[in-house]
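See below for the structure under consideration.
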Amino acid sequence: MLRTVLLSLALLGGGFSAAAWLTHDFQVWTDEGARRLEVALRPVPVPAVTVDGTGIAPSTLPQLLATPGHVTIADFFYTRCKTVCLTLGSSFNQLQAALAQDNPGVQLLSISFDGGHDTPNILRHYARPLGADPAIWRFARVADPTEQAALLRQLGVVVIPDGFGDYEHNAALLVFDAQGRMVRVFDLAEQDLALNYARHLARQAQHPSAQGAV
């Protein structure tokens with residue numbers, strides 16, 4: 001009996017230790033949570049993929065993101081989406097309204113992962129009914145499939161074709177710093193938190209001497 005109790009306690013202790021290690025001391029319990037923690041601890045550089053889009057001449061994504069004194073909130077979507085992308089569009093519309101009142105150097109970027117279909121002209125037509133102001137909110141795509149796959153993989157964006165022209169994909173607000181690195185990932189429900197964090201980073205980028213720990 002005593003031996004059984006001791007063995008059970010040992011197994012329980014081992015399981016606790018393993019769970020603590022696997023979940024970063026119980027800070028995360030899912031792959032997505034782990035991804036977000038890793039991004040917060042180690043900013044992710046963006047591969048030099050070529051993008052174009054609404055008001056965007058062909059350039060590399062790092063060049064587009066690394067605007068001195070500016071921070072970017074980005075999302076991934078596709079124009080034929082009739083589900084979560086509509087929520088993303090509504091969220092970005094609200095962010096744009098807030099930034100139009102007081103923009104400290106934050107820009108919005110929606111990146112299509114359906115680059116073969118979502119040409120700059122299609123992106124332009126998609127942006128119009130959303131009331132996207134190109135001075136604040138731009139739309140881009142990666143036309144090359146190999147580069148697109150590399151970008152999604154690097155940023156941890158999951159996109160799964162359903163075989164009928166649509167995709168299953170994760171949706172989040174990605175914050176990129178003035179050096180063009182992904183530094184935070186927020187849930188859609190955390191748009192105010194994402195905006196406040198982006199504003200904080202933008203102020204730091206504009207006033208480097210006042211920088212502190214983030």
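Note: Tyr126 and Phe139 have perpendicular aromatic rings, judged against thresholds of 30 and 60 degrees for the angle between ring planes.
Taking Ile, Leu, Val, Met, Phe, Trp and Tyr as hydrophobic and joining them when side-chain heavy atoms fall under 4.5 Å apart, one finds Ile160 in a cluster with Val158.
At least one side-chain heavy atom of Ser59 sits under 4.5 Å from a side-chain heavy atom of Val51. Residues Phe113 and His169 meet the side-chain proximity criterion, which asks for heavy atoms closer than 4.5 Å. Within the 4.5 Å cutoff, no side-chain heavy atoms of Phe76 are placed close to those of Val159. The shortest distance between side-chain heavy atoms of Val84 and Leu188 falls below 4.5 Å.
A pairwise comparison of heavy atoms in Cys85 and Tyr78 identifies SG-N, 3.7 Å as the closest pair. The shortest heavy-atom contact between Ala194 and Ile73 is O-CD1, 4.1 Å. Pairing each heavy atom of Pro104 with each of Arg199, the nearest pair is CG-CG, 3.4 Å. When all heavy atoms of Leu195 and Leu95 are compared, the closest pair comes out as CB-CD2, 3.8 Å. Counting all heavy atoms, side chain and backbone alike, Glu147 lies closest to Val49 at O-CG1, 3.4 Å.
Partner Pro120 forms a side-chain contact (heavy atoms from CB on, under 4.5 Å) with one of Ile56, Thr54, Asp52 and no other, that one being Asp52.
Open room surrounds CD on Glu168; 12 or fewer heavy atoms of other groups in view lie less than 6.0 Å from it.
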